[in-house]
Amino acid sequence: MGFTQLSIKGRALRYLAAREHSRLELARKLAPHEEHPGEIEAALDELQAKGYLSEERVAASLVHRRAARLGTSRLKQELQGKGLSAELVARTVGELRETEHQRALDAWRRKFGEPAATPQERAKQMRFLAGRGFAPEVIRRIVQGKFDDEE
């Protein structure tokens, strides 16, 4: 049975079977298939009432998949892009900040493993960490060789 014969609810369940999706993501994916106004909202309301849609699970899934490689600011952007509530995003970001130094250090160690010998190498390491959304003060400490994981 292909996607062409599936109802809106069937499509939504198929998307949810692959991975957690936020309400906003599902609405975007289902929009081209809506035949009657309000059909998507009704299906999403039903799925949410039955517990198939959960903002908390979406946030936890994203953090689980991406936190080892990305900094707090980048993860915050991704959470907001999924249309999650501001309160949930703030709570998740607060938890991520507690582990940011260790996550940045792990990412740095996987990529470089040793302190930079030249200013060019130091700049490259800083750009690498900044591009992944780690905080500037965390980047500075790691690139300067301050690895005190136990703060």
Determine the minimum heavy-atom distance between [X] and [Y], stating which atoms define it.
| X | Y | value |
| --- | --- | --- |
| His101 | Lys146 | NE2-O, 3.5 Å |
| Ile142 | Trp108 | CG2-CG, 3.6 Å |
| Ala104 | Val138 | CB-CG1, 3.6 Å |
| Ala67 | Leu75 | CA-CD1, 3.8 Å |
| Ala107 | Ala68 | CB-O, 4.2 Å |
| Ala59 | Thr92 | CB-OG1, 4.1 Å |

Nearest-0.5 Å distance, [atom1] of residue [X] to [atom2] of residue [Y]:
| X | Y | atom1 | atom2 | answer |
| --- | --- | --- | --- | --- |
| Glu100 | Ile139 | CD | CD1 | 8.0 Å |
| Lys76 | Leu84 | NZ | CG | 13.0 Å |
| Arg69 | Phe134 | CZ | CZ | 10.0 Å |
| Arg110 | Leu105 | CZ | CG | 10.0 Å |
| Ser22 | Leu44 | OG | CG | 9.5 Å |
| Thr118 | Lys124 | OG1 | NZ | 9.5 Å |

Using a 3.5 Å distance criterion without hydrogens, assess whether the side chain of [X] forms a donor-acceptor pair with backbone atoms of [Y].
| X | Y | value |
| --- | --- | --- |
| Thr72 | Val93 | no |
| Glu34 | Gly38 | yes |
| Gln102 | Thr99 | no |

Legend entry - Side chain proximity check, Arg132 to Arg103, heavy atoms < 4.5 angstrom: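 Counting from C-beta outward, Arg132 and Arg103 never come under 4.5 Å.
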
Inset, instruction - Compare all side-chain heavy atoms of Phe112 with those of Glu121 and state whether any distance is below 4.5 angstrom. - result: no

Legend entry - Cluster link Leu47 to Leu30, ILVMFWY, side chain under 4.5 Å: yes

Inset, instruction - State yes or no: do Leu62 and Val58 share one hydrophobic cluster built from I, L, V, M, F, W and Y residues joined by side-chain heavy-atom distances below 4.5 Å, directly or via other members? - result: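 As far as the 4.5 Å side-chain criterion goes, Val58 and Leu62 are connected within one cluster.
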
Legend entry - Glu137/Arg141 salt bridge by N-O under 4.0 Å criterion: no

Legend entry - Set of salt bridge (Lys or Arg N to Asp or Glu O under 4.0 Å) partners for Lys9, sequence neighbours left out: Glu46

Legend entry - side chain to side chain donor-acceptor pair (under 3.5 Å) pairs, two or more places apart, involving residues 77-86: Glu25-Lys82, Glu55-Ser85, Arg66-Glu78

Inset, instruction - Classify the angle between the aromatic ring planes of His21 and Tyr15 as parallel (below 30°), tilted (30 to 60°) or perpendicular (above 60°). - result: tilted

Legend entry - Tyr52 atom OH: more than 12 heavy-atom contacts under 6.0 Å: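 Atom OH in Tyr52 is not crowded, with 12 or fewer foreign heavy atoms closer than 6.0 Å.
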
Inset, instruction - Please identify each residue that fulfils side-chain hydrogen bond (donor to acceptor under 3.5 Å, both in side chains) with Lys111, with sequence neighbours left out. - result: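 Not a single residue meets the side-chain hydrogen bond (donor to acceptor under 3.5 Å, both in side chains) criterion with Lys111.
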
Legend entry - Chi angles and distances behind the side-chain contact (heavy atoms from CB on, under 4.5 Å) call for Leu16, Leu26: CA-CA 9 Å; Leu16 288 168; Leu26 281 176; 4.0 Å; yes

Inset, instruction - Output, in order, the C-alpha distance, side-chain angles, deciding distance and verdict of side-chain contact (heavy atoms from CB on, under 4.5 Å) for Leu6 and His33. - result: CA-CA 9 Å; Leu6 286 177; His33 308 287; over 6 Å; no

